[in-house]
2 protein chains.
Amino acid sequence: MEAITRPLPLPMSFADGVFPAGCPSRTLLDHITSKWGVLILLSLSEGEQRWSELRRRAEGISEKMLAQTLKTLERDGLVSRKAQPVIPPRVDYSLTDKGYELSGLLVPLVGWAFDNADEIINGKRSPLA
Amino acid sequence: MEAITRPLPLPMSFADGVFPAGCPSRTLLDHITSKWGVLILLSLSEGEQRWSELRRRAEGISEKMLAQTLKTLERDGLVSRKAQPVIPPRVDYSLTDKGYELSGLLVPLVGWAFDNADEIINGKRSPLA
DNA sequence: CTTCCACCTTACCGCTAGGTCAGTACCTTA
DNA sequence: TAAGGTACTGACCTAGCGGTAAGGTGGAAG
């Protein structure tokens, strides 16, 4: 309802606001804020996981999207893939250093979304007041 | 290259991993991590802004998408819209309390993306080593 | 002998996010 | 008279995100 005109405690500011179109930041942002990218990153933030495990945890993802998302994140150096030449195949996915850095910022965001989703999406204002 | 098997300093964990498909969290997450949603939220985190100002700062956005994104964020109670009945029309957009909360988490994430984009997207590894 | 599982890949395809363009209403400046 | 700025809305269309389904490999289990 009432918007507060806050003094905007912005620690950093981008050029004269937001970054230019077509710059790499936009691309990277698209990768990490993609529908499944967030969930994979989030899931992996809890530790190394296998393909089938990720598939189960990122509920609703298709195998195609899982493969595609993992490949993108691996190319970006956020996820590391370790395949063992055993039968049946075993592949472990985990976050790289950069991936951990990122997940440290991503987790609170998703946590916030999780906490406020019900109130915001359905009209349920302050369930405890 | 080398992935570290970190002890995963996760402060909170979701159920048994990630949240279920079709729940409100997914919807909210889609809104705030949408291509333009992030940029609008980010831009508004620096204070109240007018339509045309947002249009300029979120470089590349179309009027249709600007309107649509603002409408979604307003419905979610993250952005407040104040229209003044003057000629020519003047409308000011700003973040609500919830919006500020969110931007506090979003800004560092985008900052990180901004800092690491060049290194990650183009192959430029450690430009200062 | 067939099925099933793990881990993918490729082919096909619908849907929709998002782009483009035109139009509206009113005032200002050239 | 005409062009331009402010804040939109709606029609139309396309690229590509993402879904569905099938294929492939090799062992183990029925």
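Naming convention: chains lettered A, B, ... in sequence-line order (proteins, then strands); numbering from 1 in each chain. Worth knowing before you read on, the calculation uses all heavy atoms, side chains too, and leaves out hydrogens, waters and symmetry mates. Note that the structure is a prediction, hence the values are computed from the model and not measured.
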What side-chain donor-acceptor pairs closer than 3.5 Å can you find for residues 65-73 of chain B, not counting sequence neighbours?
| residue | atom | partner | partner atom | Å |
| --- | --- | --- | --- | --- |
| B:Thr69 | OG1 | B:Met65 | O | 2.7 |
| B:Thr72 | OG1 | B:Gln68 | O | 3.1 |

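- At whole-Å resolution of the value, CG in A:Leu70 and P in D:dG18 are 14 Å apart.
- Look at CG on A:Asp30: it is 12 Å from C1' on C:dG18, rounded to the nearest Å.
- As rounded to whole Å, 22 Å separates atom P of C:dA25 from atom CD of B:Gln84.
- Look at CD on A:Gln68: it is 14 Å from C1' on D:dT20, rounded to the nearest Å.
- Applying the side chain to side chain donor-acceptor pair (under 3.5 Å) criterion to A:Arg81, with sequence neighbours excluded, gives A:Tyr93.
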Discussion item. Does the protein touch nucleotides 4-9 of chain D at the base, only the backbone, or not at all? Give it as B, S and - per nucleotide, heavy atoms under 4.0 Å.
Written reply: -BBSBS
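- Residues forming a salt bridge (charged side-chain N to carboxylate O under 4.0 Å, His left out) with B:Arg55 (at least two apart in sequence, or on another chain): B:Glu63.
- Counting only N and O atoms by type, the side chains of A:Ser43 and A:Gln49 include a donor and acceptor under 3.5 Å apart.
- Rounded to an integer number of Å, the gap from CG of A:Leu54 to C1' of C:dC8 is 14 Å.
- Residues that satisfy the salt bridge (charged side-chain N to carboxylate O under 4.0 Å, His left out) test with B:Arg90, not counting sequence neighbours, are B:Asp92.
- For the salt bridge (charged side-chain N to carboxylate O under 4.0 Å, His left out) test, no residue two or more places apart in sequence or in another chain qualifies with A:Arg56.
- A:Trp36 has its CH2 atom 17 Å from the C1' atom of D:dG16, to the nearest Å.
- Here D:dC13 presents its C1' atom at 13 Å from CE of B:Met65, a figure rounded to the nearest Å.
- Here C:dA17 presents its C1' atom at 18 Å from CD1 of B:Ile32, a figure rounded to the nearest Å.
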